[in-house]
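Worksheet: the structure to be examined is printed underneath.
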Amino acid sequence: MHYLAEGLRLPTNGLDYTILAIYFVVVLGIGFAARASVRTSLDFFLSGRSLPAWVTGLAFVAANLGATEILGMAATGAQYGVAVVHWYWIGAIPAMVFLGLVMMPFYYRSKVRSVPEFLLQRFDKSAHLLSSVLFAFAAILIAGVNLYALSIVVEALLGWPQWVAIVVAGLFVLVYITIGGLSSAIYNEVLQFFVILAALIPLTLLGLKRVGGWDGLTGSLEKSHGSDFLSAWGGTGIGDANPLGANWLTIILGLGFVLSFGYWTTNFAEVQRALSAKNLSAAQRTPLIAAFPKIFIVFLVMIPGLVAAVVVPKIGTPGSDLTYNDAIPLLMQELLPNGVLGIAVTGLLAAFMAGMAANVSSFNTVFTTDIWARYVKKDQPDAYYLRFGRLITAIGVLASIGTAFIAASFSNIMSYLQTLFSFFNVPMFVVFIIGMFWKRASMKSGVWGLVAGTTAAMVNYFVIYKQGIIDIPTDQGANFVSAIVGFVAGAVVMVAVTLFTAPKPEAELAGLVYGTESPDAEEAPAEGDSAWYRKPALLGWGAIVLAALCYVPYSF
């Protein structure tokens with residue numbers, strides 16, 4: 001195989017560019033069509049809470065199908081092997097089910113417009129402001145990851161320098177979000193979901209064919225990487241060495257509980273899709289519907305990563321200019337014929353735009369409603385906040401362009417994302433979970449739990465891990481440990497602060513703490529939502545059982 005010295009370059013022709021151009025026209029068309037429905041700030045930020053569950057469910061999973069899922073997870077597969085399934089079957093499904101069955105009723109009935117706004121109702125202004133600032137900052141960093149991932153593909157497609165690709169892609173996303181608000185983002189995410197599948201399925205099948213099918217792939221990897229590379233739990237005993245650099249306890253606690261629940265239950269880029277649903281039942285079913293495609297999408301990113309480890313043995317090795325992030329573009333270059341290549345490139349661009357749009361649309365909502373309208377410009381006409389929402393969207397995109405260059409310094413962007421989640425989402429999750437299930441948790445415990453959790457996670461990563469005070473084999477293992485440390489520190493500080501400060505009056509906790517009922521709770525779900533096959537409990541437990549069964553072939 002021969003790679004150009006200046007980087008990857010896909011052998012595209014006019015057919016590929018035509019497919020890509022058609023997609024861009026359709027995306028902008030959806031944005032302009034959605035603009036007609038944007039009359040109020042609620043329309044712009046939450047689609048007027050009017051969308052059906054199947055739309056919000058597909059948008060929910062598509063919003064996550066960004067850099068994390070495509071380049072990041074394929075890179076993780078190439079680097080760590082079959083262990084990548086943990087990010088799905090234990091690191092996503094249980095948390096998505098918990099969100100749908102337990103947390104969405106709190107979110108939806110309280111009529112909050114964002115996740116931080118829930119902390120305002122449960123705790124106080126200081127917890128609300130700090131969580132808003134932390135979330136807005138994290139959203140811009142994560143949007144930058146998606147922009148950087150997109151730039152890798154555009155550079156390979158057009159030969160543009162990465163900085164040009166980052167700027168052009170960011171401005172394009174800016175146009176369709178600013179025009180149509182969240183509705184534009186969500187309907188584009190539904191389209192993007194199917195385009196992404198059309199891109200990944202051919203790549204997966206052709207990759208398997210190239211290496212002699214599944215048996216050929218596993219045989220080659222076992223010789224080059226060992227049997228543990230092909231097992232989800234192989235070598236994860238405490239003290240054992242394995243590709244992931246983490247034992248079963250840190251996988252279950254660090255990824256399966258702390259990082260996973262922290263991300264899926266408090267990340268507003270995901271929760272925002274459920275809050276835009278037309279009723280409580282649809283809101284609950286949003287993450288539960290998304291859970292089923294999530295279970296199987298792992299194969300469409302894991303297999304290309306494994307194939308890349310065979311086809312490009314130099315990938316990620318010291319001295320090679322090919323990083324694990326290049327796994328997908330490398331296979332596209334090697335395997336896909338013109339036409340199919342155009343679909344694949346379009347699918348990848350769709351994925352990255354979906355991920356970026358999800359974070360930018362959640363950023364503009366939190367910054368406008370939780371920071372600007374609450375603490376800077378209060379009681380302005382609704383039209384003012386609609387205009388400001390569009391303005392801050394532009395500012396958010398420009399900031400994301402800047403943070404994209406931070407992501408470029410990481411060889412595996414999945415590791416970078418997990419680092420961000422351990423810093424920002426995990427501390428927020430511990431505050432939520434304690435606040436929702438413990439009435440006594442005081443008003444001041446929320447802000448100090450956030451401070452302690454964020455600080456502890458950062459100290460563990462930058463000081464204890466990076467300075468070599470404790471030997472942790474990999475960045476991923478360090479992220480799991482940071483998440484656990486952040487969770488424990490936040491919980492301990494919340495309990496300690498609660499013992500010395502006043503609790504919130506019990507009358508103000510109605511509908512915000514488990515076991516209490518809001519006096520103005522939502523009416524029963526709309527007619528038809530009570531059909532047996534739509535029961536949230538059935539969908540949720542069905543997803544849990546299916547994910548557990550998927551582990552069986554990879555556990556021995």
Side-chain angles (χ1 to χ4, degrees), residues 1 3 8 10-11 16 65 68-89 152-153 156 193-232 234 243 292-316 322-348 350-351 412 414 546-547 549-556:
M1 294 178 295
Y3 300 108
L8 292 166
L10 301 181
D16 301 314
L65 273 172
T68 308
E69 205 81 358
I70 310 302
L71 291 191
M73 284 302 180
T76 301
Q79 186 172 4
Y80 302 121
V82 170
V84 70
V85 301
H86 293 312
W87 273 267
Y88 294 76
W89 301 337
I152 293 175
V153 179
F193 174 77
F194 293 105
V195 175
I196 291 164
L197 293 185
L200 292 178
I201 290 172
L203 190 65
T204 301
L205 296 177
L206 290 172
L208 282 173
K209 182 180 179 181
R210 172 67 177 270
V211 295
W214 181 253
D215 290 338
L217 175 63
T218 54
S220 298
L221 288 173
E222 188 165 0
K223 289 179 183 178
S224 60
H225 291 74
S227 58
D228 286 346
F229 200 75
L230 298 169
S231 170
F292 288 91
K294 182 74 176 175
I295 290 172
F296 298 104
I297 284 171
V298 63
F299 296 108
L300 300 181
V301 290
M302 176 182 74
I303 292 174
L306 298 178
V307 170
V310 172
V311 175
V312 194
K314 294 191 303 180
I315 190 169
L322 299 174
T323 71
Y324 292 112
N325 293 331
D326 294 323
I328 290 287
L330 281 168
L331 291 188
M332 289 169 60
Q333 180 194 54
E334 286 294 308
L335 303 176
L336 298 184
N338 293 114
V340 178
L341 181 60
I343 294 173
V345 171
T346 301
L348 285 182
N412 185 334
M414 184 62 201
L546 186 57
L549 290 175
C550 285
Y551 261 119
V552 174
Y554 303 100
S555 299
F556 304 101

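Among residue pairs with one or both ends in residues 292-310, those qualifying as side chain to side chain donor-acceptor pair (under 3.5 Å) are Asn64-Lys294, Glu69-Lys294; sequence neighbours excluded.
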Inset, instruction - Run the numbers on His86 and Tyr80 for ring pair (Phe, Tyr, Trp, His ring centres under 6.0 Å), then give the verdict. - result: CA-CA 11 Å; His86 293 312; Tyr80 302 121; over 10 Å; no

Legend entry - Step-by-step side chain to side chain contact (heavy atoms under 4.5 Å, CB included) determination, Leu330 to Val311: CA-CA 9 Å; Leu330 281 168; Val311 175; over 6 Å; no

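To the nearest 0.5 Å, atoms CD1 (Ile328) and CG (Leu200) are separated by 6.0 Å. A distance of 8.0 Å separates CG in Leu331 from CD1 in Ile315, rounded to the nearest 0.5 Å.
Across all non-hydrogen atoms, the minimal contact from Ser231 to Val82 is N-CB, 4.1 Å. Across all their heavy atoms, Ala199 and Gly347 have their closest contact at CB-CA, 3.6 Å. Nearest heavy atom pair, residue Leu336 against residue Ala344, reads CD1-CB, 3.3 Å.
With sequence neighbours excluded, the residues satisfying side-chain contact (heavy atoms from CB on, under 4.5 Å) with Ile201 are Leu197, Leu205, Leu300. Checked against side-chain contact (heavy atoms from CB on, under 4.5 Å), Phe299 has the following partners two or more places apart in sequence or in another chain: Trp89, Phe296, Met302, Ile303, Tyr554. Partners of Leu221 by side-chain contact (heavy atoms from CB on, under 4.5 Å), not counting sequence neighbours, listed by chain and number: Leu217, Ser224, His225, Phe229, Leu230, Leu306, Ala309, Val310.
Under the 3.5 Å distance criterion, the side-chain polar atoms of Asp16 are left unmatched by any main-chain donor or acceptor of Asn338.
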